[in-house]
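First the structure, in the form of C-alpha cells, and then the observations on it.
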Amino acid sequence: MTLRLTNTLTRTKGSFVPLQEGKVSIYCCGVTVYDLCHLGHARSYIAWDVLRRYLIWRGYQVTFVQNYTDIDDKILARAAAEGSTMAAVSERNIAAFVADMACLNILPADRMPRATGSLEAIRALIGELEARGAAYSADGDVYFAVLKHAGYGKLSGRDLAEQQENAAGRVSDQEEARKRHPFDFALWKAAKPGEPSFASPWGPGRPGWHIECSAMVREELGDTIDIHLGGADLIFPHHENEIAQSEAATGQPLARYWLHNGMVNVEGEKMSKSLGNFTTIRALLDSGISPMTLRLFVLQAHYRKPLDFTADGLQAAAAGWERLRAALEVGERLGWVRASASAADGPAPLSAELAVQRSRFIAAMDDDLNTSAALAELFDLARPLRGLAGRLRSGENIEGSQDAELQQRWQLFVELSEQVLGLSLGAAAGLKGPGAESGTDRGAAPGGAAATSESGDEAQQQQIAATVYELLRRRSQAKADKNYDLADDIRQQLIGNFNVELYDKPGGITIANGGSLQAAVSFDPSRHSEATP
RNA sequence: GGCGGCAUGGCCAAGUGGUAAGGCAGAGGAUUGCAAAUCCUUUACCCCCAGUUCGAAUCUGGGUGCCGCCUCCA
C-alpha cells in the first residue's frame, strides 16, 4: 500500500512518490504575523501536522519548512495603529504563533524562514526573472508578466484570455496603469513615503507577497519540492503566482504535489477576517475547550472539505476526546510502558485482531489522509481499554490485570493516537499554552476550585483530604440510615466546594476524586480507614 | 460570467459498483438508593428524475439546493 494524495494540480488522487526515495521535502505556507492565529489556521496546521507525522511514522525522512510573512501592509497598519513598529508587531505575533501551535501539539517546522531574513534570495530571484524577460519594472515597482509565462493558470484552472475582462477594475487605477496585464502582480513594491523599506536595484521598497515563498522554497529546499501545502484560499492567486515565478526562473516544476485544506465556517457562516467573525485559537481554548478536543474535532472531518465550527460540534468532540483520553490514561494508571514502535521498525508481533485494526488504520490514512476513518479504528481499539478504565474509575481493583493482549492493544492505540494523529495525553495536560490548563473540558466546572489543586501546599492538601474524608463518613452513615436526601446533599457539597466527585462502588465503599484533591480519598465503612490508591 | 466543491440517520461524518464505519445525542436492558463510569442491545429506502449494470449512496445525463475561489486571507 502506498499513500495516495489528492493533488490540486492534477485534480486527481494518486500515489505519492517522493523525488528521492525515503525523503520528503515539504513547504507549508505560513502566517502573516499581524494578528493572533484563528480557527482556520488551527484547522490547516493540524491537518498538515498529521500529514507530517504520518510520513515520519511511515519511515520517511521529512524536511518541513514553513514561513513567516513579516513584511506586509496589514502589519504596517497594525504597527501604525498602536504606535509600534513592524518588527515589534511581527515579533509578538510570532511568539503567539509558536505558543498556539505548541498548545495544539503541532510539531514545530524544521525551519521557519522570515521574509525579512530572505531578502537576499528574494532580490536575486526578482533579478533573475527580470533578466529572463519574465518581469518588468515600472516606476520603482517590478511586476511579473503573466503573458510571458506559458501555463499560467494551470493550478487554479484559469484561462487568461477568458478572465481578462472579469479582472478589470479590481485593482487601484494607479497600479493598474503600470501593469501590462490585469493579472500581472508585484514582485517588488516601491516604498511610499514614511514606510519602512529595503534597498534594491529598483530602488527602496519591499517584496510583493508571493515572491517570498518562491525564494524561500528554492533557498531552503531546492528547485523542485515534493509537497507544497496551504489553504484552499491560496490556490489563486498566491500559489498560481508562486508557480509562475518559480518555474519561470528555474524551468523546473515547483512542487510535485499541491495539497489544499478546506475552509472553516463558524455556525454556518464563512469565517474571515474581513467579515470580522473569526475566533482566535486562544479565545477558543480560553473558553474551556481543550486543545485535544479541537484537534479531534478537526480530524473527524476530511481535510479537504469545509469544516463548520459549531458549539454542538465541539461539545460532541469534547465527549469523544473524553473517551479516547480515558483509554490513553488507563495504561499509565496501570504502569504500562509505551512501545517505541513505528511503522518503519516493522510491525510488532500483534494478535490477529490487532494486526487487522492496525492495517485498517494504515489503509485509511493511505487514502488521502482519511482521518475520519482512521479515528473509527482508533475508537474501536479503545473500546476494551475504556472498559478497563471504567472499572478502574469505579474503584475496582485491577492493578493485577496485566493481560498481554490488552497491554499490546494499549501500546498500539497509544502509538497511533499520539505519534500519528497527535492526540496525546501529555499535550492535553502538560504542554501548556495560554488558557489551556485543563485536559478535560468538564474540568471547567463551577467554583474554579480545580485551580487550587496545583498550588495548594501539603498541609492544606491534608486538611482538604481530611475534610473530604469526614464528609464521606457522614454520607456513609446517612446511606446506612437511608437518609438519601442528606447523602445527596453531601455529594453536592463536595462538588460545589471542592469540585470533588464521588463514585460509589460495591460494598458501600465510596471514592472521592478530582477537583481540589491531589489524590483520591476512599471510605470503606467496614474498615473505617483511609486509603489512597 | 469563469473555475471548483458539496448534498448519507436528530447532529457531525466515513464509505466512490455488491444491500451503509465511527463520534455525539436518543431508546431499552445490566449495574446503582440515586448518580457517575462501564457493558449489552437498538435507531438510514444514502436530495429528486432518468439511464448504464445481474447489482449503484457509489458510474452517466438532467434537475434542485448549498458553498468556496475569482480582492488580503489557512
Side-chain angles (χ1 to χ4, degrees), chain A residues 8 11 13 28-32 34-35 37-48 69 72-74 153 155-159 162-167 169-171 183 209 229-238 240 260-265 268-275 278 296-297 300-302 304-308 310 312-324 326 360 364 367 370-380 383-384 386-396 478-479 482-485 487-488 491-492 495 501-506 511 513:
Chain A
T8 306
R11 281 141 215 273
K13 186 156 67 178
C28 178
C29 276
V31 285
T32 300
Y34 73 99
D35 204 350
C37 289
H38 54 64
L39 296 179
H41 298 112
R43 196 268 168 103
S44 182
Y45 298 141
I46 285 170
W48 305 141
T69 298
D72 177 82
D73 284 342
K74 291 189 289 295
L155 181 71
S156 56
R158 259 154 252 265
D159 183 87
E162 280 182 21
Q163 297 282 305
Q164 190 151 2
E165 58 225 57
N166 297 323
R170 287 193 189 271
V171 266
F183 274 19
W209 175 35
L229 305 172
D233 53 345
L234 298 183
I235 294 171
F236 189 90
H238 183 57
E240 193 70 72
H260 292 98
N261 63 273
M263 296 292 97
V264 162
N265 292 344
E269 276 203 334
K270 180 199 169 186
M271 186 184 83
S272 83
K273 297 200 170 177
S274 45
L275 288 178
F278 64 93
L296 178 63
F297 180 73
Q300 273 183 322
H302 187 85
R304 303 188 77 243
K305 287 199 175 179
L307 180 62
D308 192 14
T310 62
D312 286 351
L314 283 168
Q315 196 180 357
W321 166 240
E322 273 307 301
R323 307 220 156 191
L324 293 179
R360 277 204 202 136
D367 185 16
N370 189 341
T371 50
S372 185
L375 277 168
E377 294 308 319
L378 222 49
F379 274 99
D380 281 347
R383 187 160 297 117
R386 276 166 41 203
L388 203 59
R391 287 194 282 150
L392 198 66
R393 183 170 179 180
S394 63
E396 196 173 324
K479 282 168 67 179
K482 299 205 186 295
N483 185 353
Y484 297 120
D485 285 345
D488 291 346
R491 183 200 290 282
Q492 287 309 313
I495 291 173
E501 291 193 78
L502 301 189
Y503 308 104
D504 290 334
K505 61 178 195 172
I511 293 187
N513 209 347

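Here is how names work: the chains are called A, B, and so on, in the same order as the sequence lines, proteins then strands, and each is numbered from 1.
Between B/rA74 and B/rU58, the two C1' atoms lie 31 Å apart (nearest whole Å). A distance of about 9 Å separates the C1' atoms of B/rG18 and B/rA56, rounded to the whole Å. The gap from the P atom of B/rU42 to that of B/rG62 amounts to 42 Å, rounded to the nearest Å. As rounded to the nearest Å, B/rC12 and B/rC46 have C1' atoms that lie 16 Å from one another. Atom name P, nucleotides B/rG51 and B/rG10: the rounded distance is 29 Å, in whole Å. Spacing between B/rG4 and B/rU8 at atom P, rounded to whole Å, works out to 23 Å. Comparing the same atom, C1', in B/rG22 and in B/rA14 gives a spacing of 7 Å after rounding to whole Å. Here the separation of B/rG17 from B/rU60, taken at their C1' atoms, is 13 Å to the nearest Å.
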Would you tabulate the nitrogen or oxygen pairs shorter than 3.5 Å linking the protein to nucleotides 15-18 of chain B?
| unit_1 | atom_1 | unit_2 | atom_2 | d |
| --- | --- | --- | --- | --- |
| B/rG15 | OP1 | A/N370 | ND2 | 3.0 |

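Under the Watson-Crick or G-U wobble criterion, with both distances below 3.5 Å, B/rA20 is left unpaired in every strand shown. B/rA44: no Watson-Crick or G-U partner with both key distances under 3.5 Å is found in any strand. Across the strands present, B/rG9 finds no partner; the criterion is a Watson-Crick or G-U wobble pair with both atom distances under 3.5 angstrom. Summarising the base pairing, B/rU31 is matched to no nucleotide, lacking a Watson-Crick or G-U wobble pair whose two defining distances lie under 3.5 Å. Across all strands shown, B/rA36 forms no Watson-Crick or G-U wobble pair with both key distances under 3.5 Å. Partner assigned to B/rC72 is none, using Watson-Crick or G-U wobble distances below 3.5 angstrom. Across the strands present, B/rG51 finds its partner in B/rC59; the criterion is a Watson-Crick or G-U wobble pair with both atom distances under 3.5 angstrom.
Regarding A/D308, its CG atom lies at a distance of 11 Å from the P atom of B/rG68, rounded to whole Å. At whole-Å resolution of the value, CE in A/M263 and P in B/rG4 are 18 Å apart. Taking atom CD of residue A/E322 and atom P of nucleotide B/rA25, one finds them 11 Å apart after rounding to whole Å. Put simply, CZ on A/R360 is 19 Å from P on B/rA14, counting in whole angstrom units. Straight-line distance from the CG atom of A/D504 to the C1' atom of B/rA35: 8 Å, rounded to whole Å. Here B/rC34 presents its C1' atom at 12 Å from CD1 of A/I495, a figure rounded to the nearest Å. Whole-Å rounding puts the A/D72 CG to B/rC72 C1' distance at 8 Å. Rounded to an integer number of Å, the gap from A/R323 CZ to B/rA36 C1' is 13 Å.
At the heavy-atom level, A/G153 lies nowhere under 4.0 Å from the strands shown. Contact annotation for A/G313: no contact, since no heavy-atom pair falls under 4.0 Å across all strands. Among the protein residues, A/L39 comes within range of no part of the nucleic acid, since none of its heavy atoms lies under 4.0 Å from any strand. A/G40 comes within 4.0 angstrom of a nucleotide base, judged by non-hydrogen atoms across all strands. Using a 4.0 Å heavy-atom criterion, one finds that A/E501 contacts no nucleic acid atom at all. Within the nucleic acid shown, A/I235 has no heavy atom closer than 4.0 Å to any nucleic acid atom. At the heavy-atom level, A/F297 lies nowhere under 4.0 Å from the strands shown. Using a 4.0 Å heavy-atom cutoff across all strands shown, A/Y484 reaches at least one base atom of the nucleic acid.
Remark: ring of A/F379 does not overlap the six-membered base ring of B/rG22 in a stacked fashion, as centroids less than 5.5 Å apart with planes less than 30° apart are not both met.
In this structure A/R304 satisfies the salt bridge (Lys or Arg N to Asp or Glu O under 4.0 Å) test with no other residue, sequence neighbours excluded. Residues passing the side chain to side chain donor-acceptor pair (under 3.5 Å) test with A/K74, sequence neighbours excluded: none.
A heavy-atom distance below 4.5 Å is found between the side chains of A/L375 and A/L296. Residues A/V264 and A/H38 have side chains not in contact (no heavy-atom distance under 4.5 Å, counting atoms from C-beta outward).
Checking B/rU38, B/rC34, B/rC70 against the side-chain heavy atoms of A/R158 singles out B/rC70 as nearest. The A/Q300 side chain lies nearest to B/rG23 when the options are B/rG23, B/rG4, B/rA74. Among B/rC34, B/rU38, B/rA74, the nucleotide with an atom closest to any side-chain atom of A/H41 is B/rA74. Taking the side chain of A/Y503 as heavy atoms from C-beta on, and the options B/rC39, B/rA74, B/rA36, the nearest nucleotide is B/rA36. Relative to the side chain of A/A301, the nucleotides B/rA74, B/rG33, B/rA13 differ in distance, and B/rA13 lies closest.
Between the side chain of A/S372 and the backbone N or O of A/Q300, at least one donor-acceptor pair lies under 3.5 Å. Between the side chain of A/D367 and the backbone N or O of A/N370, no donor-acceptor pair lies under 3.5 Å. A/R11 places a side-chain N or O within donor-acceptor distance of the main-chain N or O of A/L155, the cut-off being under 3.5 Å. At least one donor-acceptor pair under 3.5 Å links the side chain of A/E240 to the backbone N or O of A/S156. Side chain of A/R386 to main chain of A/F379: no donor-acceptor pair is present (N/O by atom type, distance under 3.5 Å, no hydrogens or angles).
Residue A/R383 has a polar side-chain atom (N or O) positioned under 4.0 Å from OP1 or OP2 of B/rG23. For A/R304, no side-chain nitrogen or oxygen approaches OP1 or OP2 of B/rG4 to under 4.0 Å.
Taking for each of A/K74 and A/D485 the nucleotide of RNA chain B with the nearest heavy atom, the 5'-most of the two is the partner of A/D485. Nearest-nucleotide positions on RNA chain B place A/S372 closer to the 5' end than the other of A/M271 and A/S372.
Between the side chain of A/D380 and the base of B/rG22, no donor-acceptor pair of N or O atoms lies under 3.5 Å. One can find a donor-acceptor pair under 3.5 Å joining the base of B/rA35 and the side-chain atoms of A/R491. Put simply, the side chain of A/D233 and the base of B/rC72 share no donor and acceptor less than 3.5 Å apart.
The shortest non-hydrogen separation linking A/G231 to A/N261 is CA-OD1, 3.2 Å. Considering every non-hydrogen atom in both A/L502 and A/R491, the closest pair reads O-NH1, 3.3 Å. Across every non-hydrogen atom of A/A374 and A/A364, the tightest pair is N-CB, 3.6 Å.
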